[in-house]
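Comments concern the structure below.
Throughout, protein chains are lettered first and strands after them, A, B, ... in sequence-line order, and every chain is numbered starting at 1. Quick caveat, the model's predicted, so the values are computed rather than measured. Side-chain atoms are counted along with the backbone in the values below, which use heavy atoms only and exclude waters and symmetry mates.
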Amino acid sequence: MSKFKKKRGKAKPAISTASLPDIIFMLLFFFMVVTVLRDSELKLKVTTPQATELTKLEEKSLVNYLYIGRPLEKYQSEYGTAPRLQLGDKFSTINDIPIFLEQHKIKVPENKRTRITSSLKVDGDVTMGIVQDVKTKLRKSGQLIVNYSAKQKAEE
Amino acid sequence: MAGSRNRQAPEINAGSMADIAFLLLIFFLVTTQIVEDKGIRVALPVWSEEEPDITKLKTRNVFSVLANAQNQLLVRGEIARIDELRERAKEFIANPKKREDLAEAPNKAIISLKNDRGTNYETYLTVYNELKAAYTELWNEESQRMYGKPYSDDLPKNMKKAVRDKFPLVISEAEPTNFGEE
């Protein structure tokens, strides 16, 4: 019986915490690498309207963004106040759309190309004229899946 | 020197390193916002030079919505408000009382949307949203009746299709008018 009662050394071995910072740093780097910051700087004022019937855009790599709105104040002296189109990070015209779509398309694997969505981020105060022109150009370019970006409206 | 200290390099306590790293981690977790894009999904029609001719359709099957540059609505020839649009569209599509002037059958109903180049985008989107909401409510009711479950993404694909085929969403958009100021 005395065999089991034999006490070993009382002192607990201290767990080394020296590697803990490394683990945390690894997490930190993971988050820093994974989070994608907004890639293009908005030069327009875009406040999308509110709506209720929303669908989420699933694969980000399959989405290209078209912004429509009035230029921000610091660009107004150069570009005026009329609603403009922004593709990527520069002011564009309707005729730049096909090239823009093509540039996005070549980055997408071929089997996924039919699922490419154009997300229109349009300011609520813009009139339909320019939106219509963009839509027509998208149709002519064969880009038919379109998403009217909107914010979730709080239910009453 | 009298004040000379122990020359041995003192060991730096690394225990607080984890706290510092945690602080950084939490900072990044809080500040990074994962931008989530949501919106109304629309399938545009294939481009063709010819305008779709809705005059060939029976008037009772067409639910025409016009939005002018003053953001006023004209629904089937009479002025209407946006908040009554959803109910009217639902009644038109389902036609529960079998009225003579509403759609013959849900799958024959066509919603024709027309706006002006001067219409506000917000108005346009609200109208579109209401029309889509009318269909979603109908799908929901139908799905509830057929399967006892609301219409959602969790529903199996064939069930969703069965529900949608009963009330096919047809929103036809005509070329906008050009009266208003852009």
Checklist entry - Less than 4.5 Å apart, any side-chain heavy atom of B:Y128 and any of B:V42? => result yes

Checklist entry - Can you list the other members of the hydrophobic cluster that holds B:I79, where links are side-chain heavy atoms under 4.5 angstrom apart? => result B:L66, B:L74

Next on the checklist: Taking side chain to side chain contact (heavy atoms under 4.5 Å, CB included) as the criterion, tell me which of A:L101, A:I97, A:L85, A:L66 meets it with A:K137.
Outcome noted: A:I97

Checklist entry - Heavy atoms, side chains only, cut-off 4.5 Å: are B:K38 and A:L57 in contact? => result no

Next on the checklist: With a 3.5 Å distance limit and no angle check, can you tell me whether A:K151 reaches the backbone of A:T48 through a side-chain donor-acceptor pair?
Outcome noted: yes

Next on the checklist: Below 4.5 Å, heavy-atom pairs only: which of B:D116, B:L25, B:T136, B:L24 has the largest tally toward chain A?
Outcome noted: B:L25

Item to check | Positions in residues 82-103 of chain B that reach chain A, provided some heavy atom is under 4.5 Å away | outcome: B:R86

Item to check | Short side-chain donor-acceptor distance under 3.5 Å, B:N61 and B:E104 | outcome: yes

Checklist entry - At a heavy-atom separation under 4.5 Å, does A:E53 approach chain B through its side chain, its backbone, both, or neither? => result both

Next on the checklist: So B:L169 and B:W139, do their side chains get closer than 4.5 Å, heavy atoms only?
Outcome noted: yes

Checklist entry - Given side chains that start at C-beta, do those of B:P106 and B:K166 come closer than 4.5 Å, heavy atoms only? => result no

Checklist entry - Does a donor on one side chain sit under 3.5 Å from an acceptor on the other, for B:E173 and B:Y124? => result yes

Item to check | Engaged part of A:V131 at the chain B interface, taking heavy atoms whose separation is under 4.5 Å | outcome: side chain

Item to check | Contact class of A:K135 relative to chain B, heavy atoms under 4.5 angstrom | outcome: both

Next on the checklist: When you measure from the side chain of B:R117 to the backbone of A:T127, do you find a donor-acceptor pair of N or O atoms at a distance under 3.5 Å?
Outcome noted: no

Item to check | Option in B:I26, B:I20, B:T123, B:T119 with maximal non-hydrogen atom pairs under 4.5 Å from chain A | outcome: B:T119

Checklist outcome for this item: Applying a strict 4.5 Å limit to non-hydrogen atoms, the region of B:F22 in contact with chain A is both

Checklist entry - Most heavy-atom pairs under 4.5 angstrom with chain B, which of A:L54, A:L144, A:I68? => result A:L144

Checklist outcome for this item: So NZ of A:K56 and CD of A:Q152: to nearest 0.5 Å the spacing works out to 10.5 Å

Checklist entry - Cluster question for you: counting only ILVMFWY and a side-chain heavy-atom cut-off of under 4.5 Å, with indirect links fine, are A:I94 and B:W47 together? => result no

Item to check | Most contacts with chain A, counted as non-hydrogen pairs under 4.5 angstrom, among B:A133, B:A43, B:P45 | outcome: B:P45

Item to check | Polar side-chain atom of A:D123 near backbone of A:T47 as donor-acceptor pair, under 3.5 Å | outcome: yes

Item to check | residues 104-119 of chain A: residues contacting chain B (heavy atom under 4.5 Å, by number) | outcome: A:T117, A:S119

Checklist entry - Heavy-atom distance under 4.5 Å to chain A: side chain of B:D19, backbone, both or neither? => result neither

Checklist entry - Mind checking what makes ring-ring contact (aromatic ring centres under 6.0 Å, His included) contact with A:Y79, not counting sequence neighbours? => result A:F91

Checklist entry - Counting heavy-atom pairs under 4.5 Å to chain B, which of A:I145, A:T136, A:V126 comes out on top? => result A:V126

Item to check | Segment of B:L125 engaging chain A (4.5 angstrom heavy-atom cut-off) | outcome: side chain

Checklist entry - With a 4.5 angstrom heavy-atom cut-off, which part of B:N115 approaches chain A: side chain, backbone, both or neither? => result side chain

Checklist entry - Has the side chain of B:N120 got a donor or acceptor atom that lies under 3.5 Å from a matching backbone atom of B:N71? => result no

